[in-house]
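The first residue in the sequence is number 1, and the count goes up from there. All values derive from a computational prediction rather than experimental measurement. Order of listing sets the numbers, starting from 1, for every ligand and every atom in it.
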Amino acid sequence: MRNYDLEFLKRFSMVLAFLAAVTVGLILFAHHINGTVKHDPDPAAEQRVLNRIAPIGAVYAGATGAAQQAEAVKAAAEAAASQVAYGGTTDGKTIFGNLCTGCHTSGAGGAPKLDAAGIGARVAAQGLDELVKKATEGFTGSTGVMPAKGGNPALTDEQVKATVEWMVAQSK
Ligand code: HEC
C-alpha cells in the first residue's frame, strides 16, 4: 500500500468516528428532550379504556329502551326462578312426584313407604319436626341412606318441609 493511501484511510476513519460520535450524541440528546416533553394522552386510546371499563346496561334509550330493560330484568328473574327446584313450588305432591318417589314409593334401599308402617310409624315415633330435620340434612339409619333434601340441594328448606308434611298426610 502506498503512503498516501494509508494517510487517506487514517483521516477517513477519523471522519467516520467523528460522525458516529455525533450520531450517538444526537440520539442521546433527542432521547433526553423527548423525556422532558409532556405528551398529551392519545384520545383514541383513552376512549378505548373508557369503553372497556364502562358499566353494562348504562345506556338509556328513551321509552323503548326502558321497556326493553324491564323485559330483560323480568327475563333474568324468570331465569333465577328456574334455578329454584320445581319452579319453587311448595306443593309436596309435585316435589314428591318428581324426586322422592324414586325411593319412597318402591321402598328402594330401605326407604319408608307412604303407609302406616312406613312414614306413618316414623312420624309416630319421632314427631314431624324430627322427620323434617332428617329429610333436610340427610341421615343414615338402620335401613339405608336418606340423602340430604332427597339429593337435590336446590330444594329450599320450606319445600322439603312441605313435602314431608304431604308424605305424612298420605301415610295414615
Ligand atoms: C335415594 C333414595 C331416596 C330419595 C330420593 C329420598 N329418600 Fe327419603 N329416605 C330414604 C331412605 C333409605 C330412608 C330411610 C333411612 C333409614 O331410616 O335408614 C329415608 C327416610 C326418609 C324419611 C324418614 C326420616 C326419619 O326420620 O325416619 C323422610 C321424612 C324422608 N326420607 C323424606 C324424603 C323426602 C322429602 C324426599 C324428597 C325430597 C326423599 N326422602 C327422597 C331414601 C330416599
Side-chain angles (χ1 to χ4, degrees), residues 31 34-172:
H31 188 75
N34 188 40
T36 60
V37 173
K38 202 176 167 301
H39 294 281
D40 284 339
D42 178 1
E46 261 188 352
Q47 190 55 48
R48 278 199 300 273
V49 170
L50 288 179
N51 287 348
R52 261 184 251 126
I53 63 175
I56 309 170
V59 181
Y60 179 67
T64 327
Q68 275 173 359
Q69 276 190 7
E71 248 168 59
V73 168
K74 211 175 118 209
E78 267 165 27
S82 68
Q83 304 288 309
V84 178
Y86 316 118
T89 180
T90 47
D91 177 26
K93 187 171 187 227
T94 306
I95 299 171
F96 184 89
N98 277 295
L99 177 62
C100 322
T101 183
C103 298
H104 283 276
T105 298
S106 60
K113 293 198 209 174
L114 300 191
D115 51 32
I119 290 290
R122 297 203 180 211
V123 73
Q126 312 180 64
L128 179 66
D129 289 349
E130 185 65 17
L131 255 56
V132 171
K133 183 169 174 284
K134 281 157 86 178
T136 309
E137 294 168 0
F139 75 106
T140 305
S142 55
T143 58
V145 177
M146 164 66 201
K149 296 188 172 177
N152 186 346
L155 278 177
T156 64
D157 290 357
E158 288 78 57
Q159 286 180 306
V160 176
K161 183 165 187 279
T163 311
V164 175
E165 279 166 359
W166 180 84
M167 286 164 75
V168 167
Q170 308 306 306
S171 309
K172 302 248 161 73

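For K133, the closest heavy-atom approach to ligand 1 does not fall below 4.0 Å. Heavy-atom distances between F139 and ligand 1 reach below 4.0 Å in at least one pair.
Considering each of G92, A111, C100, the one bringing a non-hydrogen atom nearest atom 11 (C) of ligand 1 is A111. Heavy-atom proximity to atom 13 (C) of ligand 1, evaluated over G127, G138, P112, G102, is greatest for P112.
Every atom of ligand 1 is numbered from 1 in the order shown, and the set under 4.0 Å from a heavy atom of A135 is 32 (C). Atoms of ligand 1 lying under 4.0 Å from at least one heavy atom of C103, given by number and element, are 1 (C), 2 (C), 3 (C), 4 (C), 5 (C), 42 (C), 43 (C). Distances below 4.0 Å separate heavy atoms of P147 from the following atoms of ligand 1: 1 (C), 3 (C), 43 (C). For ligand 1, the atoms lying closer than 4.0 Å to a non-hydrogen atom of S142 are 18 (O).
With a 4.5 Å cut-off on side-chain heavy atoms, N34 and H39 count as touching. Taking 4.5 Å as the limit, some side-chain heavy atom of M146 sits within range of a side-chain heavy atom of H104.
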Should Y86 and L99 be marked as a side chain to side chain contact (heavy atoms under 4.5 Å, CB included) after you check the CA-CA gap, both sets of side-chain angles, and the distance that decides it?
-> CA-CA 10 Å; Y86 316 118; L99 177 62; 3.5 Å; yes
List the steps, then state whether side chain to side chain contact (heavy atoms under 4.5 Å, CB included) holds for W166 with T90.
-> CA-CA 10 Å; W166 180 84; T90 47; over 6 Å; no
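Considering backbone and side-chain atoms together, Q126 places an N or O closer than 3.5 Å to an N or O of ligand 1. Taking distance alone, with nitrogen or oxygen atoms compared against 3.5 Å, E130 stays at or beyond that limit from ligand 1. Between G141 and ligand 1, at least one pair of N/O atoms sits closer than 3.5 Å. Checked against a 3.5 angstrom limit, the closest N/O atoms of L155 and ligand 1 fall outside it.
When atom types are taken as modelled, the side chain of E130 and the backbone of G127 share no donor-acceptor pair closer than 3.5 angstrom.
Atom 8 (Fe) of ligand 1 lies at the vertex of an angle of 180° between the NE2 atom of H104 and the SD atom of M146 (rounded to 10°).
Contact detail for I119 and M167: the closest heavy-atom pair is CD1-CE, 3.8 Å. Across all non-hydrogen atoms, the minimal contact from T89 to D91 is OG1-N, 2.9 Å. Contact between K149 and L155 at its shortest, heavy atoms only, is NZ-O, 2.9 Å. Nearest heavy-atom pair across L128 and V123 is N-CG2, 3.8 Å.
Distance check, rounded to the nearest 0.5 Å: CD of E46 to CZ of R48 gives 11.0 Å. Atom OG1 of T36 and atom NE2 of H31 lie 11.0 Å apart (nearest 0.5 Å).
The nearest protein atom to atom 23 (C) of ligand 1, hydrogens excluded, is given as R122 CD, 3.9 Å; this is a heavy-atom distance. Residue, atom and distance of the protein heavy atom nearest to atom 15 (C) of ligand 1 are G144 O, 3.4 Å. At the top of the distance list for atom 42 (C) of ligand 1, counting protein heavy atoms only, stands V145 O, 3.6 Å. Nearest to atom 28 (C) of ligand 1 among the protein's heavy atoms is I119 CD1, 4.1 Å.
At a 4.0 Å heavy-atom cut-off, ligand 1 touches T143 through backbone and side chain alike.
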